[in-house]
Amino acid sequence: MSRTASEIATQPSCWRRAAQAGAAFDGLPRPGERVAVTGCGTSWFMAIAYAALREAAGQGETDAYASSEFPAGRRYDRVVAITRSGTTSEVLALLGELRGTTPTVALTADPKTPVMEAADAVAVLDWADEESVVQTRFATTALAFLRAGLEAAGPLPAGVKTVAEAAVDAELAVTEPLDETVVAAEQWTFLGRGWTYGLAQEAGLKMREAAGAWTESYPAMEYRHGPIAITGPNRVAWVFGTLPEGLAGEVAGVGGTLVAHPSADPMADLIRAQRLAVVLAESKGYDPDHPRNLSRSVILPGQGVPSN
């Protein structure tokens, strides 16, 4: 078994630990604060998911940005940064710009990195760190931690499960056999609404990173406005969360394969996409722990800071 596959399988226990830690952590956004969430790559997609979920919970206006695209001069009550390595150059640069003007909190896996000094508060999720280049359990554990903070601050949006309930769904997602039709497909389109759109983006990224797969990601309601043209026989439309009315019939009408687990927590459903990425990578003879053209840390030219 690859390291990536082993790390994927530990997510239920990681989320349970995150549920306790997130509920007790004092540095997370408070209800009513105007908040921005930031990160790079996978961390950015987790930021998008959290931002949408926080707004849906009525806890305050929340925006999400890739760290390189953070709008200069826009004021927030608090900024949350997600960085597994704690060395992401764009994140560190942004935290430096915000120091002394905006309270910041960072989520990281490594307590021996510059982010410990760059942010005003730091949550260290070192139990969810990974040896694999590709992020799986740290990303979802960070989101579970943030979700637990929302739970502690007030009621969740209707239909959104607690982190403890999500962990139960994750136990099935790490063991249930993958659909052979989905494994054998040639193309996958991932869809989501609200907070699950960030998960759809992350699913597509995992498939591209690990397996070099042809994937696309869209808001679920945008699927009819063009992306459905790519769907057909031997191609998959995968919906995270609630299935929009009429979409199943439209996918069937063009000969595509629909994947939807509406009763499962969408974060648990992301585990299935992570597992699919590993299976596809191995079927092509790729090493899912060390994907082509990627490394765990990248030094950006002229900045001298590793980026993850």
Q) Do W195 and P266 have side-chain heavy atoms sitting under 4.5 Å apart? A)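 A side-chain contact exists here, since the closest heavy-atom pair is under 4.5 Å.
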Q | Validation row: V80, P29 side chains within 4.5 angstrom (heavy atoms) | A |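 Contact flag for V80/P29 side chains = yes.
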Q: Let me know which of Q11, Q135, K206 forms a side chain to side chain donor-acceptor pair (under 3.5 Å) with Q274.
A: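 It is Q11, the one option of Q11, Q135, K206 that forms the side chain to side chain donor-acceptor pair (under 3.5 Å) with Q274.
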Q.
Q20: which residues meet the side chain to side chain donor-acceptor pair (under 3.5 Å) condition with it, sequence neighbours left out?
A.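 If we apply the side chain to side chain donor-acceptor pair (under 3.5 Å) test to Q20, skipping adjacent residues, there are no hits.
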Q: Give the intermediate values and the outcome of side chain to side chain contact (heavy atoms under 4.5 Å, CB included) for residues L199 and L143.
A: CA-CA 10 Å; L199 303 184; L143 183 53; 3.9 Å; yes
Under 3.5 Å, is there a donor-acceptor pair between the side chain of [X] and the main chain of [Y]?
X: D77; Y: V35; value: no
X: T108; Y: T83; value: yes
X: E7; Y: T136; value: no
X: R137; Y: D129; value: yes
X: T62; Y: G60; value: yes
X: R275; Y: A173; value: yes
X: R235; Y: I230; value: yes
X: T215; Y: W188; value: no
X: S2; Y: D289; value: no
X: T38; Y: A81; value: no

Q. Salt bridge (Lys or Arg N to Asp or Glu O under 4.0 Å): which pairs involve residues 215-229, sequence neighbours left out?
A.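 Salt bridge (Lys or Arg N to Asp or Glu O under 4.0 Å) check on residues 215-229 returns R224-E250.
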Q | Pairwise salt bridge (Lys or Arg N to Asp or Glu O under 4.0 Å) hits with a residue in residues 46-57, at least two apart | A |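 Residue pairs passing salt bridge (Lys or Arg N to Asp or Glu O under 4.0 Å), neighbours aside: none found.
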[X]-[Y] co-clustered via ILVMFWY side chain contacts under 4.5 Å:
X: L28; Y: V124; value: no
X: L247; Y: V182; value: no
X: F190; Y: L280; value: yes
X: L172; Y: I271; value: no
X: F138; Y: M116; value: no

How long is the straight-line distance from [atom2] of [Y] back to [atom1] of [X], given to the nearest 0.5 Å?
X: L94; Y: T104; atom1: CG; atom2: OG1; answer: 9.0 Å
X: T113; Y: R84; atom1: OG1; atom2: CZ; answer: 12.0 Å
X: Q201; Y: L205; atom1: CD; atom2: CG; answer: 9.5 Å
X: L191; Y: F240; atom1: CG; atom2: CZ; answer: 9.0 Å
X: L270; Y: M46; atom1: CG; atom2: CE; answer: 6.0 Å
X: S85; Y: E130; atom1: OG; atom2: CD; answer: 11.5 Å

(Q) Among L107, T140, I82, exactly one meets side chain to side chain contact (heavy atoms under 4.5 Å, CB included) together with F145. Which residue is that? (A)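 Of the listed options, the one satisfying the test is L107.
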Q: Using a strict 4.0 Å threshold on nitrogen-to-oxygen distance, state whether E151 and R147 make a salt bridge.
A: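 Salt bridge: no.
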**Q.** Residue pair Y223, V239: steps toward the side chain to side chain contact (heavy atoms under 4.5 Å, CB included) verdict
**A.** CA-CA 10 Å; Y223 179 66; V239 182; over 6 Å; no
Looking at [X] and [Y], what are the two nearest heavy atoms and their distance?
X: A109; Y: P111; value: O-CD, 3.8 Å
X: A144; Y: M267; value: CB-CE, 3.8 Å
X: M207; Y: L276; value: CE-CD2, 3.6 Å
X: R272; Y: A264; value: NH1-CB, 4.3 Å
X: F70; Y: A36; value: CE1-CB, 3.7 Å
X: G198; Y: I48; value: CA-CG2, 4.0 Å

Report all side-chain donor-acceptor pairs from residues 153-163 shorter than 3.5 Å, counting only partners two or more places apart or in another chain.
| unit_1 | atom_1 | unit_2 | atom_2 | d |
| --- | --- | --- | --- | --- |
| K161 | NZ | D169 | OD2 | 2.6 |
| K161 | NZ | S263 | O | 2.8 |
| T162 | OG1 | E165 | N | 3.1 |
| T162 | OG1 | E165 | OE1 | 3.4 |

Q: Would you please say whether a donor-acceptor pair under 3.5 Å links the side chains of E202 and T42?
A: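 T42 and E202 do have a side-chain donor-acceptor pair below 3.5 Å.
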Q. Does R78 CZ have over 12 foreign heavy atoms under 6.0 Å away?
A.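 Yes.
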Q: Could you go through the side chain to side chain contact (heavy atoms under 4.5 Å, CB included) check for L258 and L243 one step at a time?
A: CA-CA 10 Å; L258 177 71; L243 183 65; 4.0 Å; yes
Show me the donor-acceptor pairs, under 3.5 Å and distance only, between side chains in residues 95-102 and residues at least two apart or in other chains.
| unit_1 | atom_1 | unit_2 | atom_2 | d |
| --- | --- | --- | --- | --- |
| R99 | NH2 | E117 | O | 2.2 |
| R99 | NH2 | A118 | O | 2.9 |
| T101 | OG1 | L98 | O | 2.8 |

Q. Would S132 and R3 satisfy side chain to side chain donor-acceptor pair (under 3.5 Å), going step by step from the backbone distance to the final call?
A. CA-CA 6 Å; S132 175; R3 282 301 308 166; over 6 Å; no
Q.
Please enumerate all residues that pass ring pair (Phe, Tyr, Trp, His ring centres under 6.0 Å) together with Y286, with sequence neighbours excluded.
A.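 Expected list: none.
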Q.
Does the plane of the ring in Y65 sit parallel, tilted or perpendicular to the ring in Y76? Use 30° and 60° as the thresholds.
A.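 If you compare the ring of Y65 with that of Y76, the planes turn out perpendicular.
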(Q) Evaluate V278 against E282 for side chain to side chain contact (heavy atoms under 4.5 Å, CB included), listing each step before the verdict. (A) CA-CA 6 Å; V278 171; E282 292 174 342; 3.7 Å; yes
